[in-house]
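So the structure is just underneath, and the comments pick up after that.
Note on naming: letters A, B, ... go to the chains in the order of the sequence lines (proteins, then strands), and numbering restarts at 1 for each one.
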Amino acid sequence: MLIEIYKSLLQFFGKQYWWPAETKDEIIIGAILTQNTSWQNVEKAIFNLKKEGFCNLCKIRDVPLEYIQQLIKPAGFYKQKSVYLKEIAKFFANFDENTTDTLQFRKMLLNVKGIGLETADSILLYAFSRPVFVIDAYTIRFLKRKKLFDSSKYEEVQSFFMQNLPNDVELFKEYHALIVKLAKTYCRKNPNCTECPIKCA
DNA sequence: CACCAGGAATGTA
DNA sequence: TACATTCATGGT
């Protein structure tokens, strides 16, 4: 079922090539900046960071908070997000990816202030290519509307995907991106989904 | 004018 | 455990 839906989305929209970024640090930074924020505004903030050479966690760690705040303002919530960027920068300053399995890694990320379930999984999947399925509000709404799975609990929904799909990082990356693409294209403006490529149940 | 965006922390019951 | 509030900018 889920795999057929994936194929339909892929055929309809094509590959999304998520996550759009040049470096691993940029993915991590973007994952925090995009919390409840449009990607368009995140791009402005990342542009500012790049322009000043601070789209880099080591550099973010060693610069005044106020300086980061000024650069990321277009992404909103700049006071808290500047702290979160500092926190995640400190975390990765002494972390060895190679000696940490995915479950441990996930728990460690969740202990960082500012990193919740979705942000942690986005970092794991897109920055480190760990096989975890990212869930967001679009995904939960999508499953409910299509009457595929009725739950708002993050890890329940995540298990639903991961137990019904092959354990494939590239599949997970594209599938989440396609659900976001679908939501942005149709479901927001048009709840009836008359043009939606996925049939309503 | 209201509403939302690729959430998370905090507080309340 | 389940909700409510707060955080902030920019587009529609």
Under 4.0 angstrom between A/Lys81 side-chain N/O and B/dA9 OP1 or OP2: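 Result: no.
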
Interatomic distance at P, C/dG10 relative to B/dA8, whole Å: 22 Å

Rounded C1' spacing from C/dA2 to B/dG6 in Å: 25 Å

Among [options], which is the nearest nucleotide to the side chain of [X]?
X	options	result
A/Lys113	C/dA2, C/dA8, B/dA9	B/dA9
A/Phe77	C/dG11, B/dG6, C/dC7	C/dC7
A/Thr119	C/dG10, B/dA8, B/dG6	B/dA8
A/Tyr84	C/dG10, B/dG7, B/dA9	B/dA9
A/Lys153	C/dA2, B/dG7, B/dG6	C/dA2

Base of C/dA8 and ring of A/Tyr78 stacked, centres under 5.5 Å, planes under 30°: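 Not stacked by the 5.5 Å and 30° rule.
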
Pi stacking test for A/Trp19 and B/dG6: under 5.5 Å apart, planes under 30°: no

Figure out the [atom1]/[atom2] separation between [X] and [N], and round it to whole Å.
X	N	atom1	atom2	value
A/Asn111	B/dA8	CG	P	14 Å
A/Asp136	B/dA8	CG	P	10 Å
A/Gln40	C/dA8	CD	P	21 Å
A/Ile72	C/dG10	CD1	C1'	15 Å
A/Glu43	B/dA5	CD	P	17 Å
A/Leu109	B/dG7	CG	P	17 Å
A/Leu33	B/dA8	CG	P	13 Å
A/Glu118	B/dA8	CD	C1'	10 Å

Same apolar cluster (I L V M F W Y, side chains within < 4.5 Å links), A/Ile28/A/Tyr17: no

Note, [X] side chain near [Y] side chain (heavy atom, < 4.5 Å):
X	Y	result
A/Asn167	A/Phe172	yes
A/Val42	A/Ile72	no
A/Phe160	A/Leu143	yes
A/Glu97	A/Lys24	yes

Touch class at under 4.0 angstrom, heavy-atom based, for A/Gly76 against every strand present: base

Sugar-phosphate, base or nothing in reach of A/Leu117, heavy atoms under 4.0 Å: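 Result for A/Leu117 = sugar-phosphate.
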
Short side-chain donor-acceptor distance under 3.5 Å, A/Asp121 and A/Gln158: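 Short answer, yes.
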
base_contact_polar (B/dG6 base, A/Lys184 side chain, donor-acceptor, <3.5 Å):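 It does, because a donor-acceptor pair links the side chain of A/Lys184 to the base of B/dG6 below 3.5 Å.
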
5' priority, DNA chain B, between A/Gln35 and A/Asn41 [closest heavy atom]: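 Upstream on the strand: A/Asn41.
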
Given DNA chain B, 5'-ward residue of the pair A/His176 and A/Gly114, judged by closest heavy atom: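 It is A/His176, whose closest nucleotide lies nearer the 5' terminus.
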
